[in-house]
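Structure first, commentary second.
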Amino acid sequence: MEFFDFHHHKTYITDGIYNLDIEQIPPDFPYSIGIHPHDIDINDMDRQLNWVKNMMFQNCFAIGECGLDSLVPIDQKIQEEVFLKQINISNEVKKPVIIHCVRKFYEVISFKKKAEQPMIIHGFNKKQKIAEDLLANNFYLSFGKAVLYNLSLQDILKNTPIDKFFLETDNEDFKIEELYLKVSEIKKISLEDLNEQILENLHTIRNG
Ligand SMILES: [Zn+2]
């Protein structure tokens with residue numbers, strides 16, 4: 001069985017969404033393209049945004065990862081400006097937005113009303129209350145390696161509707177199969193059903 005890896009940075013994985021590095025040329029398998037807050041070049045933002053617009057080929061699945069990060073030494077106002085511009089691109093090209101967020105969840109929620117396409121918080125690893133608020137605002141959550149050992153995150157996953165999440169390896173070195181296996185135990189469904197559900201969720205966000 002093939003397991004879809006919703007957000008990763010490894011060119012050898014073809015069943016998933018490969019997140020392009022800044023200024024990279026897209027591969028011939030599904031990818032996401034965006035400007036991560038820590039990659040923002042304050043002297044050359046237009047060129048970076050043009051790269052996003054010009055590399056929008058058939059395999060582009062989503063815009064991102066983009067978002068807000070309170071630990072990155074780029075002014076928050078600039079981060080918000082670049083985030084909003086990428087939301088606008090996503091509205092134009094009708095592709096979902098994969099979001100990177102560090103300690104800025106309520107600011108990210110405030111941007112939701114500007115987005116016409118689905119928004120997915122990748123690498124979710126925060127508290128139940130934040131998960132509930134994100135879900136109440138129609139965000140999807142993508143979970144990664146931490147689910148394998150973090151008990152409170154396992155509880156959050158238990159409470160997350162089956163049609164509202166994805167699974168990913170991100171930068172971590174482990175097999176996505178392990179995560180699917182763990183999640184099938186947590187959600188008490190078969191691996192086959194979980195796999196099918198994730199593919200259905202993908203279908204839903206792709207169609208807006
Ligand atoms: Zn990532």
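Each ligand, and each atom within it, is numbered from 1 in the order the structure gives. We use all heavy atoms of the structure for the numbers below, so side chains are in, but hydrogens, waters and symmetry mates are not. Fair warning: this is a prediction, and the values are worked out from it, not measured in the lab.
In this structure, F83 has its ring center closer than 6.0 angstrom to the ring center of F111.
Relative orientation of the F143 and F124 rings is perpendicular, given thresholds of 30° and 60° on the angle between their planes.
With a 6.0 Å cutoff to the six-membered ring centre and a 45° limit on the axis angle, K10 does not count as a cation-pi contact of Y18.
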Chi angles and distances behind the side-chain hydrogen bond (donor to acceptor under 3.5 Å, both in side chains) call for S90, N88: CA-CA 5 Å; S90 122; N88 290 337; over 6 Å; no

Please determine whether side-chain hydrogen bond (donor to acceptor under 3.5 Å, both in side chains) holds for the pair D170 and H9, giving the CA-CA distance in whole Å, both sets of side-chain angles, and the decisive distance to 0.1 Å. CA-CA 6 Å; D170 198 2; H9 298 261; 3.0 Å; yes

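Side-chain contact between L167 and F4: absent, with no pair of heavy atoms (C-beta onward) separated by less than 4.5 Å.
The distance cut-off of 2.8 Å around the Zn ion (ligand 1) captures these protein N, O or S atoms, sorted by chain and number: H7 NE2, H9 NE2, E65 OE2, D170 OD1.
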